[in-house]
Amino acid sequence: MNLASGITRREALRGGAALAALAFMRWPVSALEFASDSERAEVIAFADQLKASPRLRWDEVSEWITPSEKLFAVSHYGTASVEPESFRLEIGGLVKRPKSLTLDDIKARRKKTIVATLECSGNGSSPGFMCAIGNSRWSGTPLAPLLRECGISGRAIEAVFYGADEKIEKIRDKEYLQNFARSLSLRNAFADDVLLAYEMNGEPLTKEHGAPLRLVVPGWFGIAWVKWLSRIELLDRRFMSKYMAREYVTIRGEEKDGRTIWRETSVGPMNVKSMVARALRLKNGTIRFVGLAWTDGTPLETVEVKIDDGPWQKATIDKKHVSRHAWRFWTFDWTKPATGEHRVVSRATDAEGRTQPSPEDPDIKLKRTYWEANQQWPRKIQV
Ligand SMILES: Nc1nc2c(c(=O)[nH]1)N[C@H]1C(S)=C(S)[C@@H](COP(=O)(O)O)O[C@H]1N2
Ligand SMILES: [Mo]
């Protein structure tokens with residue numbers, strides 16, 4: 001069987017460094033990826049209609065690394081133009097040694113490359129908002145050592161990341177020019193693999209994805225990955241911008257002692273999630289479902305598939321495991337499909353025992369804003 005990237009299982013088992021190197025390459029793919037020549041598959045279109053991002057559709061996802069031109073983009077204040085020559089990253093606020101860095105200063109620092117899945121927190125919230133997700137190779141310099149060099153005051157609790165994009169926003173009835181901005185607690189900002197990134201998939205960042213510099217926060221929803229990064233400010237209190245505290249907030253209820261307690265939180269780490277991406281009919285009549293699963297960086301434990309009202313059955317997760325922040329492909333073979341219309345759904349569980357909820361789960365039923373949507377997504381198929 002061909003796996004995510006087109007390598008056969010035998011090749012995959014040779015493993016090791018060669019595998020890691022292979023995983024970074026791109027393969028030309030056919031629509032029949034995930035089935036061998038002898039299995040000779042054909043794609044079965046799902047009967048449900050999902051409007052996807054104009055760049056990517058679930059049934060087209062066949063590469064582990066999303067081709068750069070297929071990655072979605074979300075820019076709330078339009079696309080900022082930042083000249084690399086005049087670019088400066090200012091680090092200030094509660095630091096003993098403020099800094100102003102050129103792009104060359106940043107590129108001269110230790111370079112690190114990671115593979116991480118970028119997902120908009122609205123992804124999968126409705127049939128009209130799908131595939132705002134992709135898996136990319138990000139290169140840049142780690143944030144933590146740079147912050148340490150600035151000598152952070154013991155009073156600081158947060159780092160605020162400002163983009164160069166700006167807009168006039170109304171706050172309590174008055175208008176203010178605002179830069180797009182999000183904060184992370186120091187604990188989250190110091191996490192391994194948080195990068196000041198200047199490359200995506202081995203190429204300089206494009207303008208729409210945040211050139212010349214963006215924040216990469218593996219395991220966090222896209223809103224935290226500030227593009228056109230221009231300033232970092234250390235604060236001794238919680239930062240409350242529009243995209244921290246008024247938009248991108250999740251309102252969730254919890255039933256307790258006969259009443260509902262509503263909790264409003266800022267969008268944060270990603271949730272364990274999976275999706276049935278496509279269906280292949282093999283020559284022997286088996287229907288092979290191919291899907292994806294991802295987490296906040298917690299190891300993925302299982303993916304299970306349920307057909308109609310049948311039991312949950314374990315899918316086979318692709319062995320390729322180059323990065324804990326990257327999505328993983330999985331497959332499930334339905335060996336005796338009956339003709340007619342069927343419903344197929346997947347659910348992922350992480351190593352902490354957190355399972356992707358069904359749409360009827362209180363976790364989703366009592367969620368009143370659309371962000372952080374990780375409900376199971378049933379697909380319809382006509383056999
Ligand atoms: N400066 C800035 N950064 C931003 C945004 C923005 O509007 N301005 N949008 C955020 C959102 S909501 C998402 S989902 C990701 C999308 O990243 P991409 O456009 O590179 O795909 O960028 C985030 N970073
Ligand atoms: Mo987003």
Side-chain angles (χ1 to χ4, degrees), residues 55 65-66 68-91 99-121 123 132-147 159-167 178-184 188-233 239 241 243-244 248 267 269-270 323 325-326:
R55 299 187 189 170
I65 295 286
T66 307
S68 300
E69 67 281 4
K70 292 210 167 165
L71 184 69
F72 77 102
V74 177
S75 305
H76 293 287
Y77 293 166
T79 306
S81 286
V82 183
E83 291 305 322
E85 300 74 37
S86 54
F87 166 87
R88 295 287 181 282
L89 174 66
E90 309 285 344
I91 308 180
K99 277 185 193 284
S100 174
L101 300 157
T102 65
L103 198 56
D104 284 342
D105 294 337
I106 289 165
K107 287 185 176 169
R109 299 180 63 85
R110 181 165 72 88
K111 185 175 181 179
K112 189 172 181 182
T113 296
I114 58 158
V115 175
T117 296
L118 167 61
E119 182 187 21
C120 178
S121 52
N123 179 48
I133 186 167
N135 191 46
S136 309
R137 185 158 46 106
W138 306 95
S139 308
T141 195
L143 174 64
L146 180 58
L147 288 180
V160 186
F161 301 88
Y162 294 87
D165 47 335
E166 54 184 22
K167 198 185 160 193
Q178 295 279 289
N179 285 83
F180 179 90
R182 281 278 302 193
S183 71
L184 290 173
N188 293 139
F190 272 90
D192 268 1
D193 289 351
V194 173
L195 297 183
L196 302 176
Y198 43 82
E199 283 175 13
M200 188 176 95
N201 298 336
E203 302 283 336
L205 272 184
T206 57
K207 197 168 149 172
E208 74 168 345
H209 292 299
L213 193 71
R214 84 176 299 167
L215 193 64
V216 164
V217 193
W220 279 62
F221 281 113
I223 188 74
W225 301 38
V226 177
K227 302 194 277 190
W228 310 292
L229 184 65
S230 58
R231 190 156 72 96
I232 303 176
E233 187 185 28
F239 179 73
S241 64
Y243 292 101
M244 202 66 206
Y248 284 81
V267 165
M270 285 151 77
S323 158
H325 290 295

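We number each residue from 1, following the sequence as shown.
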Novice: Taking all non-hydrogen atoms of both residues, which atom of Ser241 and which atom of Ala181 are closest, and how far apart?
Specialist: OG-O, 2.9 Å

Novice: With a 4.5 Å limit on heavy-atom distance, are the side chains of Asp105 and Lys99 in contact?
Specialist: no

Novice: So how far is it from Thr141 OG1 to Leu146 CG, rounded to the nearest 0.5 Å?
Specialist: 7.0 Å

Novice: Between Asn201 (side chain) and Arg137 (backbone), is there a donor-acceptor pair under 3.5 Å?
Specialist: yes

Novice: In Å, rounded to the nearest 0.5 Å, how long is the span from OG of Ser183 to OH of Tyr162?
Specialist: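 Here the rounded value is 9.0 Å.
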
Novice: Relative to the ring of Phe180, is the ring of His76 parallel (under 30°), tilted (30 to 60°) or perpendicular (over 60°)?
Specialist: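 Plane angle under 30°, so parallel.
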
Novice: Find the distance between CG (Leu196) and CD1 (Ile106) and round it off to the nearest 0.5 Å.
Specialist: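 Spacing of CG (Leu196) from CD1 (Ile106) equals 6.0 Å.
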
Novice: Does the side chain to side chain contact (heavy atoms under 4.5 Å, CB included) test come out yes or no for Asp193 and Lys112, once each step is laid out?
Specialist: CA-CA 8 Å; Asp193 289 351; Lys112 189 172 181 182; 2.7 Å; yes

Novice: Looking at Arg55 and Lys70, what are the two nearest heavy atoms and their distance?
Specialist: CB-O, 3.4 Å

Novice: Looking at side-chain heavy atoms only, is the closest gap between Leu118 and Phe72 below 4.5 Å?
Specialist: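 Heavy-atom side-chain distance check passes, below 4.5 Å.
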
Novice: Examine distances only and state if a side-chain atom of Trp138 and a backbone atom of Ala116 form a donor-acceptor pair shorter than 3.5 Å.
Specialist: yes

Novice: Report the C-alpha separation of Asn135 and Thr117 in whole Å, then their side-chain angles, then the decisive distance to 0.1 Å, and conclude whether the side-chain hydrogen bond (donor to acceptor under 3.5 Å, both in side chains) test is met.
Specialist: CA-CA 4 Å; Asn135 191 46; Thr117 296; 2.9 Å; yes

Novice: Would you check if the side chain of Ser323 reaches a backbone N or O of His325 as a donor-acceptor pair within less than 3.5 Å?
Specialist: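 Yes, Ser323 side chain to His325 backbone: donor-acceptor pair under 3.5 Å.
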
Novice: Does any part of the side chain of Phe87, heavy atoms only, come nearer than 4.5 Å to the side chain of Leu229, both counted from C-beta?
Specialist: no

Novice: Tyr77 and Asn179: side chain to side chain contact (heavy atoms under 4.5 Å, CB included), yes or no, with the steps?
Specialist: CA-CA 9 Å; Tyr77 293 166; Asn179 285 83; 6.0 Å; no

Novice: Compare all side-chain heavy atoms of Ser68 with those of Thr206 and state whether any distance is below 4.5 angstrom.
Specialist: no

Novice: Less than 4.5 Å apart, side chain to side chain, heavy atoms only: is that true for Met200 and Leu71?
Specialist: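 The answer is yes, as the side chains (C-beta and beyond) meet within the 4.5 Å cut-off.
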
Novice: Could you check Ile232 against Glu90 for side chain to side chain contact (heavy atoms under 4.5 Å, CB included), going step by step and ending with a plain yes or no?
Specialist: CA-CA 6 Å; Ile232 303 176; Glu90 309 285 344; over 6 Å; no

Novice: Calculate, to the nearest 0.5 Å, the distance between atoms CZ and OH belonging to Arg182 and Tyr248 respectively.
Specialist: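 It is 9.5 Å, given to the nearest 0.5 Å.
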
Novice: Please give me the minimum heavy-atom distance between Lys111 and Ser139, naming the atom from each residue.
Specialist: CE-CB, 3.7 Å

Novice: Minimum heavy-atom separation for Ala189 and Leu147, please, with both atom names.
Specialist: CB-CD1, 4.3 Å

Novice: Show me the side-chain donor-acceptor pairs of residues 213-227 shorter than 3.5 Å, one per line, residues at least two apart or across chains.
Specialist:
unit_1, atom_1, unit_2, atom_2, d
Arg214, NH1, His209, O, 3.2
Arg214, NH2, Trp225, O, 3.0
Trp225, NE1, Val217, O, 3.0
Trp225, NE1, Trp220, O, 2.9
Lys227, NZ, Val74, O, 2.9
Lys227, NZ, Ser75, OG, 3.0
Lys227, NZ, Glu208, O, 2.9

Novice: For a quick test of reading the model, state the closest non-hydrogen atom pair linking Arg109 to Pro145 and the distance between them.
Specialist: NH2-C, 3.9 Å

Novice: For a 4.5 angstrom cut-off between non-hydrogen side-chain atoms, does Gln178 reach Tyr243?
Specialist: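 Answer no - side chains too far apart.
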
Novice: Can you tell me how far apart OG (Ser121) and CD1 (Ile133) are? Round to the nearest 0.5 Å.
Specialist: 11.5 Å

Novice: Might you point out which heavy atoms bring Pro212 and Leu205 nearest each other, and give the distance in Å?
Specialist: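 Closest pair (atom of Pro212, atom of Leu205, distance): O-CD1, 4.0 Å.
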
